[in-house]
Protein chains: 2
Amino acid sequence: MNPPGDRLEAMLGWLRHAGCRITPQRLEILKVLAVSEGHPSAETIHQRVATHFPTMSLATVYKTLAVLKTAGQVLELEFSDRDNRYDGNRPEPHPHCICQGCGAILDPDLTSLDALASLAARQTGFRIQSLRLDFYGLCPACQARRAAASGNKPA
Amino acid sequence: MNPPGDRLEAMLGWLRHAGCRITPQRLEILKVLAVSEGHPSAETIHQRVATHFPTMSLATVYKTLAVLKTAGQVLELEFSDRDNRYDGNRPEPHPHCICQGCGAILDPDLTSLDALASLAARQTGFRIQSLRLDFYGLCPACQARRAAASGNKPA
DNA sequence: CTATATGCAAATCGTTTGCACCTTA
DNA sequence: TAAGGTGCAAACGATTTGCATATAG
């Protein structure tokens with residue numbers, strides 16, 4: 001849903017700015033992520049890149065993903081019972097519909113978050129059975145701790 | 001926030017109905033879950049129960065949790081980068097605030113889900129940096145597949 | 001009595017790490 | 001050529017599983 005070139009350029013730009021090198025393998029990983037539909041796993045990304053680089057290792061994929069994660073250039077969907085999924089196409093946090101039958105991951109298009117479950121169900125045809133809504137951030141104690149640690153300089 | 005006895009009775013009732021046996025170890029696990037504040041991990045549950053049953057194994061905790069999960073009597077919060085957390089006190093899905101600093105898990109009290117991030121932030125004092133909103137259910141294809149498999153009998 | 005639970009140890013499996021060898025800039 | 005990346009293999013760690021023994025009902 002994103003002009004693929006935009007996302008690729010954004011990722012490349014960030015890496016260059018951070019002083020990272022653009023290797024052929026890395027470029028290929030970025031390309032796969034930039035057009036990622038269906039929230040691929042690290043394994044899937046590896047397989048696709050391996051088409052062009054038979055020696056490519058899974059570890060390299062994970063290492064590149066780690067860099068992009070901290071950069072906010074890729075969204076990681078964590079699971080404990082199956083492999084994590086990645087979205088380089090829409091790296092901002094957004095709601096997902098996850099099928100408990102086949103594992104498919106869809107993006108409901110909720111402009112506001114008000115509508116929520118019923119809207120998501122209507123749009124995707126999902127029969128929603130449960131949901132997961134997590135907020136990630138810093139609790140008051142950690143905010144204070146961090147502020148103190150950085151000598152009152154805001155992040 | 002729940003009358004502890006209620007939750008304990010609910011879990012016990014379900015287990016009995018399902019033909020499960022109430023062993024002393026299991027009863028102790030249920031008690032820990034029924035009063036669980038702070039979303040304990042399997043490890044934490046094990047440690048607490050081990051106070052009364054020194055021979056108690058972690059595997060037994062996991063096995064009991066598995067039964068309760070399928071019964072909907074305990075809520076599992078899955079993570080890939082750390083151990084899962086469990087809530088036997090409020091087994092229905094509900095939003096959480098997860099501190100990226102110390103890992104604390106709080107329950108914001110959102111009567112409606114409209115308010116969302118800003119309300120959660122105001123209530124808990126969290127500085128919210130990202131969120132996770134997942135809907136779990138069945139996609140249209142799997143609904144059809146399941147309906148066909150069960151001979152048109154609805155679940 | 002008999003189906004079920006316990007608890008130990010070993011297996012799983014996605015992910016991470018160490019390290020020697022390459023490559024980009 | 002120096003900082004950084006690659007890729008192999010080994011390590012990790014939470015969770016699961018197999019199986020012999022114990023026990024609830």
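Note that these values count all heavy atoms, side chains included, but never hydrogens, waters or copies made by symmetry. Per chain, numbering begins at 1; letters A, B, ... match sequence-line order.
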### Message
Can you measure A:Leu30 atom CG to D:dG5 atom C1' for me and round it to whole angstrom units?
### Response
13 Å
### For atom CG of B:Leu77 and atom C1' of D:dA14, their distance in whole Å
16 Å
### Query
Heavy-atom distance under 4.5 Å between the side chains of B:Phe53 and B:Ile29, does that happen here?
no
#### Entry: Closest non-hydrogen atom pair, A:Val49 against A:Gln25
CG1-O, 4.4 Å
### Query
In whole angstroms, how far is the C1' atom of D:dG25 from the CZ atom of B:Arg16?
12 Å
### pair B:Thr23-B:Thr60: side-chain heavy atoms closer than 4.5 Å
no
### Query
For A:Phe79 and D:dT15, what is the distance between atoms CZ and C1' respectively, to the nearest whole Å?
17 Å
### Query
Mapping B:Ser41 and A:Gln25 onto DNA chain D by nearest heavy atom, which one lands closer to the 5' end?
A:Gln25
### Summary
salt bridge (Lys or Arg N to Asp or Glu O under 4.0 Å) pairs touching residues 45-61 of chain B, sequence neighbours excluded, are none
Can you give me the N/O atom pairs linking the protein to nucleotides 22-24 of chain D at distances under 3.5 Å, or say none if there are none?
| unit_1 | atom_1 | unit_2 | atom_2 | d |
| --- | --- | --- | --- | --- |
| D:dA24 | N3 | B:Arg21 | NH1 | 3.4 |

### Task
Start with the C-alpha distance between A:Val32 and A:Thr44, add both sets of side-chain angles, then the distance that settles side-chain contact (heavy atoms from CB on, under 4.5 Å), and finish with yes or no.
CA-CA 10 Å; A:Val32 169; A:Thr44 299; over 6 Å; no
### Task
Side-chain contact test, heavy atoms from C-beta onward, threshold under 4.5 Å: evaluate it for A:Arg90 versus A:Leu75 and give yes or no.
no
### Task
Return the 5'-most residue of the pair B:Tyr86, B:Cys20 with respect to DNA chain D, ranking by each residue's nearest nucleotide.
B:Tyr86
### Query
Any side-chain heavy atom of B:Leu8 within less than 4.5 Å of one from B:Val35?
no
### Query
Going through the checks in order, is the side-chain contact (heavy atoms from CB on, under 4.5 Å) test met by A:Asp87 and A:Leu77?
CA-CA 8 Å; A:Asp87 191 339; A:Leu77 293 174; over 6 Å; no
### For the student: nearest non-hydrogen atoms of B:Ala42 and B:Leu58, plus distance
O-CD2, 3.9 Å
### Task
Starting from C1' on D:dT6, measure out to CZ on A:Arg26 and report it in whole angstrom.
10 Å
### Message
If the cut-off is 4.0 Å, is B:Asn84 near the phosphate of D:dA14, judged by side-chain N/O to OP1 or OP2?
### Response
no
### Message
With side-chain contact (heavy atoms from CB on, under 4.5 Å) as the criterion, how do B:Glu78 and A:Glu78 come out once you've worked through the C-alpha distance, each side chain's angles and the decisive distance to 0.1 Å?
### Response
CA-CA 8 Å; B:Glu78 298 185 43; A:Glu78 298 185 45; over 6 Å; no
### Message
For the helix from C:dC1-D:dG25 to C:dA25-D:dT1, what angle separates the axis at the start from the axis at the finish, each from five pairs, in steps of 10°?
### Response
40°
### Query
Do any of residues 47-66 of chain A sit with a heavy atom less than 4.0 Å from DNA chain C, and if so which?
A:Ala59, A:Tyr62, A:Lys63
#### Entry: Closest contact, heavy atoms only, B:Pro91 versus B:Arg7
CG-NH2, 3.3 Å
### Nucleotides bounding contact with chain A, strand DNA chain C, heavy-atom threshold 4.0 Å
C:dG14 to C:dA25
### Message
Going by salt bridge (Lys or Arg N to Asp or Glu O under 4.0 Å), name the pairs with one or both residues in residues 62-75 of chain B, residues two or more places apart or in two chains.
### Response
B:Lys69-B:Glu76
### Task
State the CD1-CD distance between B:Ile45 and B:Glu28, to the nearest 0.5 angstrom.
12.0 Å
